[in-house]
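Below, chains carry the letters A, B, ... as their sequence lines are ordered, and counting in each starts from 1. Atom set for the values below is all heavy atoms of this structure, side chains included, hydrogens, waters and symmetry mates excluded.
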2 protein chains.
Amino acid sequence: MYVTSPIGIFEHSEIRLPHFVEAETAKHSHFSTAEAGHRMFCEGDDAIYIYEILEGVVRTSKLLFDGRRQILSFGYPGDLVGLSHDCFYHSDCEAVCDVKLRVHHKNACHASIESEPEFAKKLLKFAASEVNNMQEHFIMLGRKSATEKVASFLLTLLDRVGEPKNCKTCFDLPMCRSDIADFLGLTIETISRTLTKLREDGVIELPKKHRVHVCNVPGLRALAERA
Amino acid sequence: MYVTSPIGIFEHSEIRLPHFVEAETAKHSHFSTAEAGHRMFCEGDDAIYIYEILEGVVRTSKLLFDGRRQILSFGYPGDLVGLSHDCFYHSDCEAVCDVKLRVHHKNACHASIESEPEFAKKLLKFAASEVNNMQEHFIMLGRKSATEKVASFLLTLLDRVGEPKNCKTCFDLPMCRSDIADFLGLTIETISRTLTKLREDGVIELPKKHRVHVCNVPGLRALAERA
DNA sequence: ATTCGTTCTTGATGTCGATCAACCAGATCC
DNA sequence: GGATCTGGTTGATCGACATCAAGAACGAAT
């Protein structure tokens, strides 16, 4: 679920959810879509569904009383959003672009846990790895400079959805600058300036506002830990 | 496990671990102690044990290549540290003061999960609530000012371990200023200055360096969200 | 009590990123 | 085409917190 993940949890491991949930929850799950900008759930809503992202990207966020926003995660295909320890969602969730979803009933998951201890262990493993990814993001928010934050963010996307083209690695940046800013604890101006700086230094190209070509991966990696 | 938690997970809920683990893991768990400053485990070590804090406080942290540190959590009595999704710890863990622990073998927990679906559900609930607490801390690190951070931190400790005395609420601050700084993404100087400011404003008293008396709880609460 | 070492506090100065403000590029509409 | 709107860029200035530096408070050892 967290873009901060170095690898997609479900994509590259044996715990890809559909496979395990299928048996018990298929009859209780359904497919759905959401248009760009659509709010899937709000903080405080009854947490009845667990959403599995099939296509597109969603963002989860929390608001402060005065409107300040922190984006908690970007959900990419293979990710889960909407897990709750009580019966309420603790964040908002919106579609960043058009998304395709698989919607699982919470109760069906609970049933699976009881009938299949293996499933429980894997869900637990998923949760623990979420915790781990979030811990990485703690360092990001608490101790990294603006350049390091942006470089780290681009690297995470590169590792997760980058496609090699010639000698470059390319990917879309579906979220707007203010989403990135609220994810990294910065302002849109700082995001813009930092991206410009990376472009001027020849580390990346920005053919379109929402498209990134990384020309110098080692350079970007160095900036992520050093600048 | 996270001081960011408004209430102790195990303290106030039905999922206090010893009760549930007892049956299956008692024979595999043992009691232990660690002195102030002792390192319980390092990032990268084999994650064989899950530690339950019985007395005292521990800190988990991650280091950046150049020594910058982020404290991920302070573990108070009732908390668990050392859960891992693979077989390795992903943070360091040290005793902030002398601590008493109960040490559970990872394998015993796994066995319990298989034999007791209820246990699995509760452990999962615990993990999900960890995620939730961490999300709160994201806002803290990404979007709050120094004053808001310190006030929020003190409030969390107050809610968790505060003892009413006369018209004040009192608690120990077992960690040093640099621990607080690395937890909140600030410097020791800023922590010190902010505490001094709170003292000068009559919100708190600092009878000793590691002791806090909160004189004006609503005032502190206001600062946590407003300043 | 004296010394030493560590941690904390306080002050002076610096800097990174925020804020304020103007402009620009696309998209949509007529 | 021009008008308008939204999101992104760029520049000038400001301020919150970091950094650098000196001292104070406290405990431990002698």
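Counted by atom type alone, K197(B) and T147(B) present zero donor-acceptor pairs between their side chains at under 3.5 Å.
Under the salt bridge (Lys or Arg N to Asp or Glu O under 4.0 Å) criterion, D179(A) pairs with R59(A), R69(A), not counting sequence neighbours. With sequence neighbours excluded, the residues forming a side-chain contact (heavy atoms from CB on, under 4.5 Å) with T190(A) are A146(A), L186(A), T187(A), T194(A), listed by chain and number. Under the side-chain contact (heavy atoms from CB on, under 4.5 Å) criterion, S91(B) pairs with F41(B), T60(B), K62(B), L72(B), not counting sequence neighbours.
One interatomic measurement links the two molecules: NZ of K197(B) to P of dT10(C), which rounds to 13 Å at whole-angstrom precision. Atom-to-atom, CD1 of I188(A) to C1' of dA25(C) comes out at 15 Å; the value is rounded to the nearest Å. Computed from coordinates, the D179(B) CG to dT6(C) P distance equals 16 Å when rounded to whole Å. Straight-line distance from the CE atom of M175(B) to the C1' atom of dC8(C): 16 Å, rounded to whole Å. Between the NZ atom of K209(A) and the C1' atom of dG26(C) there is a distance of 7 Å, given to the nearest Å.
Residues H85(B) and F126(A) keep their aromatic ring centres 6.0 Å or farther apart. Aromatic ring centroids of Y51(A) and H104(A) lie 6.0 Å or more apart.
A salt bridge does not link R177(A) to D182(A): none of the charged side-chain nitrogens sits closer than 4.0 Å to a carboxylate oxygen. The pair E200(A)-R193(A) does not meet the salt-bridge criterion, since no charged nitrogen lies less than 4.0 angstrom from a carboxylate oxygen.
The environment of H210(B) atom NE2 is dense: over 12 non-hydrogen atoms of other residues, nucleotides or ligands sit within 6.0 angstrom.
One axis for each end of the helix from dA1(C)-dT30(D) to dC30(C)-dG1(D), each built from five base pairs, and the angle between them comes to 30° at 10° resolution.
The one candidate from E163(A), E205(A), H213(A) that meets the side-chain hydrogen bond (donor to acceptor under 3.5 Å, both in side chains) condition with K168(A) is E205(A).
Taking a heavy-atom distance under 4.0 Å as the criterion, the stretch of DNA chain D touched by chain A extends 5' to 3' from dG8(D) to dA12(D).
Where L206(A) and K208(B) meet DNA chain D, the nucleotide closest to each residue was compared, and L206(A) sits on the side nearer the 5' end.
Side-chain contact between F88(A) and D46(A) is present, with heavy atoms from C-beta onward closer than 4.5 Å.
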Starting at the 5' end of nucleotides 11-22 of chain C, put B wherever the base has a protein heavy atom under 4.0 Å, S where only the sugar-phosphate does, and a dash everywhere else. BB----SSBB--
